[in-house]
Undergrad: 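Mind having a look at this structure? Questions to follow.
Both ligands and their constituent atoms are indexed starting at 1 by order of listing.
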Amino acid sequence: MSNVSVCVRFRPLNARESLQASGASCIRQLDNECVMFKDEKDQEETTFTFDRIFYEDSFQADVFDFVALPIVRDAMNAINGTVLTYGQTGAGKTHSMEGPSIQTNDPKLKGILPRVTQIIFDLIERADEAAEFLIKLSMVEIYMEKIRDLLDTKKDNLQVKENKLHGIFVAGVTEKYVQSEKEMLQILQTGLANRAVGQTLMNCESSRSHCVFLLTIQQSDIEDRSIKTGKIYLVDLAGSEKVEKTGAEGKLLCEAKTINKSLSALGNVINALTSDKPCHVPYRDSKLTRILQDSLGGNSRTALLCCCSPSTLHASETLSTLRFGTRAKLIKNKPRVNSERGRHELESLLQKSYQECDQLRAQLLMSSARLRSLNQGMPFDAEANLKDSIDPVKLSDKLINKFPTRLPQTTGDVFELHKEIFVESLLEESFDKTQFSDLTDYKCDEEHYAQEQLRQHLDEEKLFLSAQDDTAKTIRVLQESLEKLMDEKSKLEKLNKGLEMELLACMRLLHDPTKAVGMKWPTITSSVHGRIHANPRSAVQCQFKLLNMIDTASICCLWRSSLTKVRNIIGQTRRA
Ligand SMILES: Nc1ncnc2c1ncn2[C@@H]1O[C@H](COP(=O)(O)OP(=O)(O)OP(=O)(O)O)[C@@H](O)[C@H]1O
């Protein structure tokens, strides 16, 4: 995190200020960091502290060294940077940014922009031989809330877009590749000639638009093929103005209103960014704040140069600028290095990926073996069906062939293409998804098959359990039947005994009861049989009783054999 660096610059009094206010100043110089503001009306003095204060006698070179040079050095190391000039109209923003003219050769007057140009090419000249540079320049102005391309005036309503790769950018803006300081200055001059300028009471050459210069410095290492990209935004804001002071009318008035509106949107963004409580930052309220989104609270190192007039004639505007700077000082940015991986780093990443591939291959082979072993012992049809849908051996071979086995051997431009593809895929921590689609399908099929196997096992288990359950039930039923049979048996035995007794009593009735006593059953039966003929009436009665008895006995025998059978079944079931 780094705070926005805020500097203040007071320009010398101009002729009008010297004349009208007799050269009176609203500030008192304390030191390079503190200034006293005197409010003549209230007779109050307020001290303001900034990173650096440049007074009327300051040099352009000092301003550049303190405000812009650290940002250029950072941009050469792939850290984005922004330099903004802010202040009342005629306060010296354009003078500080460009100097009297972009092509000025006078070292005393040269502004920030031509100095940035010079230092970039000086640093390139002194850079390591392995470093290759690519410098791009774009220029736009935000005029009446429209973004105009100063290098191609046909593009007069460009849009600000944002994506992961580029952050905030102006879509479709012209980018000129520049090879020398001279070429850059020429392009800058051409672009500035297209800028909207007007004459006001405050400034005979007042900028009526916000001007944004974008320099992209791309540095590639020809040895390890790493790429670093730093961007520098140089923004010369249009000046805030009080309409009565500038005498703006008609078109100028309309421009002034739009300028003031976008500057107040900038103030709102700064207030939101420095608010104690987290709140919505209204970057989208104006084209200016949208373009500056990364410079204010984003991925950029930002320096703000607040330009002021020291004259008491503009005390209120100066006070407002000093307050704006004080607030902006609290903004925290998150600059980071924008670099792409080099060849060695990519190679080690690829190596790591190959190791992961090897592990995957090993897993596949193990899974194949596991599937094959699962397949064994399955019913023929099921196995055939399974093999139709998934052949693990063939599939794993197919996958193994699809994995990359070596680093693509590329040279020259082709390398960049390969690198881009691989960097992107590595950054996303995976190869092209299509390379893995078969693997994914295979893993799904394998999982599905394993689930199917498990389901079958569970079904068998359930079946076994329910069979056990059924057996238990059968045993219970059989035991109940057995108990019933035992009851029946004992009942029949009792009945048998009763019948026997009755038979004996019956025989006693037919014959001499004393003869029947002690006779064995078959003897009794044949004896009874013999007597039937002798006494048919009694015999019939006896016959009925005998037949009943015989029936009961046979039933009893039947039950007995059933009982034996049941006992056998129970014995078998228990053994099973
Ligand atoms: N530090 C300085 N030393 C000498 N002259 C200066 C300085 N700053 C500004 N001036 C002069 O003041 C006048 C107005 O300056 P400049 O055009 O830079 O103002 P500005 O803030 O860009 O105004 P606007 O917002 O209207 O474009 C110019 O003539 C410029 O040369």
Undergrad: Among all protein non-hydrogen atoms, which one is nearest to atom 9 (C) of ligand 1, and what is the separation to 0.1 Å?
TA: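 Going by distance alone, atom 9 (C) of ligand 1 is nearest to Gly92 CA, 3.4 Å.
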Undergrad: Please determine if Gly90 has a nitrogen or oxygen closer than 3.5 Å to a nitrogen or oxygen of ligand 1.
TA: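 For ligand 1, there is an N or O atom that lies under 3.5 Å from one belonging to Gly90.
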Undergrad: Quick check on Ala91 - does any of its heavy atoms sit under 4.0 Å from an atom of ligand 1?
TA: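 Per 4.0 Å heavy-atom rule, Ala91 contacts ligand 1.
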Undergrad: At a non-hydrogen distance cut-off of under 4.0 Å, which region of Cys307 contacts ligand 1 (side chain, backbone, both, or neither)?
TA: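 Answer for Cys307: neither.
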Undergrad: Which protein heavy atom lies closest to atom 22 (O) of ligand 1, and at what distance to 0.1 Å?
TA: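 Closest protein heavy atom to atom 22 (O) of ligand 1: Thr94 OG1, 2.7 Å.
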Undergrad: With distance as the sole criterion, is a donor-acceptor pair present between the side chains of Ser309 and Glu17 under 3.5 Å?
TA: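 Indeed, the side chains of Ser309 and Glu17 share at least one donor-acceptor pair under 3.5 Å.
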Undergrad: What orientation do Phe66 and Phe54 show, parallel under 30°, tilted 30 to 60°, or perpendicular over 60°?
TA: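 Aromatic pair Phe66/Phe54 classed perpendicular.
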Undergrad: Using protein heavy atoms only, decide if any is under 4.0 Å from atom 28 (C) of ligand 1.
TA: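 So atom 28 (C) of ligand 1 lacks protein heavy-atom neighbours under 4.0 Å.
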Undergrad: So, Ser286 and Ser262: side-chain donor and acceptor under 3.5 Å apart, yes or no?
TA: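 Judged by distance alone, the side chains do not pair up.
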Undergrad: For atom 12 (O) of ligand 1, which of Arg11, His95, Arg9, Arg208 has the closest heavy atom?
TA: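 Closest candidate by heavy-atom distance is Arg11.
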Undergrad: Could you tell me whether the side chains of Thr153 and Asn194 share a donor-acceptor contact shorter than 3.5 Å?
TA: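 Short answer, no.
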Undergrad: Any atoms of ligand 1 less than 4.0 Å from a non-hydrogen atom of Ser207? List them with their elements.
TA: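 It comes down to these atoms of ligand 1: 24 (P), 26 (O), 27 (O).
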Undergrad: State plainly whether the residues Glu141 and Lys287 are in salt-bridge range, i.e. N to O under 4.0 Å.
TA: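 Not counted as a salt bridge, because no side-chain N and carboxylate O are separated by less than 4.0 Å.
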Undergrad: Hey, is atom 2 (C) of ligand 1 under 4.0 Å from any protein heavy atom?
TA: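 Yes, there is one.
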Undergrad: Would you say the side-chain atoms of Thr302 and Asn333 include a donor-acceptor pair closer than 3.5 Å?
TA: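 Side-chain D/A pair, Thr302 to Asn333: present.
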Undergrad: Give me the atom names and distance for the closest heavy-atom approach of Leu84 to Leu296.
TA: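 That closest heavy-atom pairing would be CD1-CD2, 4.4 Å.
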Undergrad: Can you tell if the side chain of Val235 reaches within under 4.5 Å of the side chain of Val83, non-hydrogen atoms only?
TA: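 No, their side chains stay 4.5 Å or more apart.
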Undergrad: Answer whether the closest heavy-atom distance between the side chains of Phe50 and Cys7 falls below 4.5 Å.
TA: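 No, side chains not in contact.
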Undergrad: Quick one: do the Ser209 and Arg195 side chains pair a donor with an acceptor below 3.5 Å?
TA: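 Their side chains do contain a donor-acceptor pair, which is all the 3.5 Å distance test asks for.
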Undergrad: Write out the residue and atom name of the closest protein heavy atom to atom 24 (P) of ligand 1, then the distance separating them to 0.1 Å.
TA: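 It is Asn203 ND2, 3.4 Å.
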Undergrad: If you count the atoms of ligand 1 from 1 in the order shown, which ones are under 4.0 Å from a heavy atom of Gln88?
TA: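 The list of qualifying atoms is 21 (O).
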Undergrad: Between ligand 1 and Lys93, is the shortest N or O to N or O distance under 3.5 Å?
TA: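 By distance alone, the answer is yes.
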Undergrad: Does Pro12 reach ligand 1 with a nitrogen or oxygen that is under 3.5 Å from one of the ligand's nitrogen or oxygen atoms?
TA: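 No, there is no polar N/O contact under 3.5 Å.
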Undergrad: Which atoms of ligand 1 are found less than 4.0 Å from any heavy atom of Gly239?
TA: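 The list of qualifying atoms is 25 (O).
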Undergrad: Side chain or backbone, does Leu237 bring an N or O within less than 3.5 Å of an N or O on ligand 1?
TA: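 No, there is no polar N/O contact under 3.5 Å.
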